[in-house]
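Structure first, then comments.
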Amino acid sequence: MRRPDWAPDEIDIERPSVARMYDYYLGGSHNFAVDRAAAQAMVAAVPEAPLMAQANRAFLRRAVHFLADAGVRQFLDIGSGIPTVGNVHEIVQQVAPDSRVVYVDTDPVAVAHSQEILADNDQATVIQEDLRHPDRILRHPELRRLLNLNEPTAVLIVAVLHFVPDDDRPAELLRTLYDALTPGSWLVLSQASDEGRAETERSDAEMVYQRTGSPLWFRNRSELTTLFDGFELVEPGVVWVPQWRPETPESSVNAETSGFLGGVGRIGD
Amino acid sequence: MTSPATATQPSGANSGIAAFTQEWANALTGTSYLPMTQAQLKQLLNRLARQLAGALLAEPFDLRAGQRVGTELVAAHIASAEALGRTVEVVQLRLVRDLGLVAEDVADRLARLLAAVTTGYTRALRDRTLDEQESIRRAAMAQRSKAEEALRASEARFRHQATHDALTDLPNRNLFTERLTTALAAPRRDTDRVGLCFLDLDQFKRVNDQHGHQAGDRVLTEVANRLRQALTGHLVARLGGDAFVILIERTGGTRDVIAVAEAALAAVHEPAAVAGHEVTVRTSIGIVERQVAGTSANELMRAADCTLHWAKAAGGGRWMLYDAERDRRELTRQALTAAIPAGLDRGEFYLDYQPLASLSDGRLLGVEALVRWRHPELGVLRPDRFIGLAEETGLIVPLGGWVLAEACRAAGSWSVTGGTPFVSVNLAVRQVHRPDLVQDVRNILERTGLPPERLQLEITESAMMNPADEPVRALRRLADLGVRIAIDDFGTGYSNLAYLRDLPVTELKVAGEFVAGLRAQEPQADERIVASLVSLAHALDLTVTAEGVETAGQAERLRAIGCDAGQGWHFGRPEPADRILARLS
Ligand SMILES: C[S@@+](CC[C@H](N)C(=O)[O-])C[C@H]1O[C@@H](n2cnc3c(N)ncnc32)[C@H](O)[C@@H]1O
């Protein structure tokens, strides 16, 4: 008998999770032996992997600061991961306590962990859903409860798109999100790129992630730029993430070693 | 330590501290993710550097300050082995120098301060690691139990769906079969009894046809609800379509199950409002009730189902109780019916012939062909065992066709000096109604060379109800060919004398029951009936054959009445043609 789609997922903690591997790269301890083993294999393949994750996370922080400063008060963070440190709600609620954040992730443990962290925060919530079902995300009652999409909202899809191959039609997914947003809304994207990487590094990294059940799908600068369709990219456009509005000039040297491209776009009025 | 604090902090320390802080910040870069801006980081490190410097010079020397710095670093997420190593290195190499600290025992103090920082840091890092491990494990557990709960719920839902009918939410056939099997497999006592009511709505199709399928579905739901309410304590299941079943466990006897059936009938027979109309639904129920020991689910289901059909055949709107004797009879009949085609193929059928004799001179006029079945298990069967079945199922057409062909074939080969007898063959109603009857007879006669006037077809009155009908026209064409047409069993059916005038009939065969009433010397009603039949037939130019003539006395009476011919034991029993022919020569 085929499992109907309301049947729950298999319980699967024996397999490395990209969310917990990412936590490991960032120096967190929200991970299990399987995750550490996989992350260490990644580090063996690409020694600067932890630095790449840190650079991406720092990009997320700067982008969210930028948006909070621009007056955005609603955030939809898709592929939010394990709340380690520097979570979106922590950043924005520092700037404006009335900011509202909806986290979305497919990883059930990440979601359970987020629920625990957010238990006392009625301005932030988490939904277990897949980026590949934007319609379900958009009509989710929790989202509807916290966000009013008639007001400017920032959608963050940071370090997630490389888990969405072209077969899953990322452009259409983003189009659906775009259609739900009002002018003055924002999109933040970042994702792994193999531009300038050695072929061996690339294939070793792919092998590690193949085992997680979330294989990698690299994109180059022009591919990522295309995904901003409908949004006006703010300066400096799609760049290696350390180059995106760096805090100090020296923090963007050797930016291409970050392996992550990112950018921020806005729907014009 | 009693050494006095002779250390001083020279002016220009501020620029020194800035340099140190910058160095420290650089050293920390990339050790782990730092959730703050460079400015925030420097601010923090600046403060901690001051604390360290203060601690180095403080009097009395207080190690707790070092531990606090270690703890604060970890609290600010500067929390990795690398961050500690680099911190120790930077402090060791740069703090005293950058800040220009001068103290007698500064090296000594620095070593102990760094030990305190390391202790505080490591302890905090360990606590933090343990906390994070605990929280992620808790999340995993929460997720796991949520998933398990969802799995259980979905399994329960799965199970419910697999065991219940989607429309009425009654248990479905699966669950019913499961429960019945359990009831049969594990009786509480050897004497436990079990009952089933099979229930099927009467003419449910008509509700669907007249009011649409939605209305039909509403009727089914309504019926399901009523049964559920009326029969609490018993399993009511929907088997599919408009068929329901009630399982009655541990019954005290047939009466209990009949009571359930009556309750079910009463509940269903209440009028229901459907699509704005008041619809009265009726139902039939087949009941079976017996001891658990020695029965099986299949047997019970079959028995209940078959009883349901009896109730339907009896007009519906009622319950009926299983009758094993009737079931056996029907099964035998069914088996027999099913064996007819193969019997034909294998040549198990054969013909005997019974003489029809002239009453005036005893001459053999003809013979009636009578079919026999030499059944491989049951022995020789007479037509009353199987002709009825063959007529019901339509198998009479091939069987009767075979009889006709075989009789003609046989009769075509007879030759008797002084008059070869004709052969009389029974035609069933269905045969008479076949459009190619005339052509078939013609072909047979041609093939066998039997002259038409030596063939007589016996039909019943009911085959010729309406003179305008196609069958009558067919018979007329056969009569025109020269074939004799006899009405069989005359007097037992409609006996509509008027139509005889218009029909192509040559002979009446008077049913044996009238003949049985003929007794010598005392004229009875039967005799008067036969007498008037004869005179009527003669008036219409028909001959009359009396059937069932058993005694010489009866033959005598019939001759006296003027009857033309007789058939019966008195003239000869049915037997193979060659014996009859042998006697003639
Ligand atoms: C590398 S982490 C990124 C976390 C955070 N956005 C950041 O950049 O710091 C990627 C997260 O995306 C989640 N993810 C992967 N594929 C996803 C999908 N199709 N829909 C939603 N989340 C997904 C993973 O479970 C993981 O938690």
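Chain identifiers are assigned alphabetically (A, B, ...) following the order of the sequence lines, protein sequences preceding nucleic acid strands; residue numbering begins at 1 within each chain.
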Quiz item: Looking at A:R61, A:H113, A:E247, which makes the most heavy-atom pairs under 4.5 Å with chain B?
Solution: A:R61
Exercise. Check each atom of A:L51 against the heavy atoms of chain B and say whether the ones under 4.5 Å are side chain, backbone, both or neither.
Key: side chain
Quiz item: By a 4.5 Å heavy-atom criterion (distance strictly below it), what part of B:R137 contacts chain A: side chain, backbone, both, or neither?
Solution: both
Quiz item: Taking atom types as modelled and ignoring hydrogens, do the side chains of A:H30 and A:D23 form a donor-acceptor contact shorter than 3.5 angstrom?
Solution: yes
Quiz item: Side chain, backbone, both or neither: which part of B:T31 has a non-hydrogen atom closer than 4.5 Å to chain A?
Solution: backbone
Quiz item: Tell me, side chain or backbone of A:E90 under 4.5 Å from chain B's heavy atoms, or both, or neither?
Solution: neither
Quiz item: Heavy-atom distance under 4.5 Å to chain B: side chain of A:I91, backbone, both or neither?
Solution: neither
Quiz item: Would B:E178 and B:R159 pass as an ion pair if we require N to O under 4.0 Å?
Solution: yes
Exercise. Check whether B:T129 gets within reach of chain A through its side chain, its backbone, both or neither, counting any heavy atom under 4.5 Å.
Key: both
Quiz item: When you check the gap from the basic side-chain N to the acidic O, do B:R218 and B:E222 get nearer than 4.0 Å?
Solution: no
Quiz item: Looking at B:T29, B:T37, B:L130, B:I136, which has the largest count of heavy-atom pairs under 4.5 Å with chain A?
Solution: B:I136
Quiz item: Between B:R138 and B:E134, is there a salt bridge with N-O shorter than 4.0 Å?
Solution: yes
Quiz item: Ion pair present between A:E48 and A:R197, side-chain N to carboxylate O less than 4.0 angstrom?
Solution: yes
Self-check item: Ring geometry between A:F66 and A:W186 (parallel below 30°, tilted from 30 to 60°, perpendicular above 60°)
Solution: perpendicular
Practice problem: Give me the ring orientation class for B:H160 and B:H164: parallel if the planes are under 30° apart, tilted from 30 to 60°, perpendicular past 60°. | Solution: parallel
Quiz prompt | Region of B:L34 in contact with chain A, defined by heavy-atom distances below 4.5 Å | solution = backbone
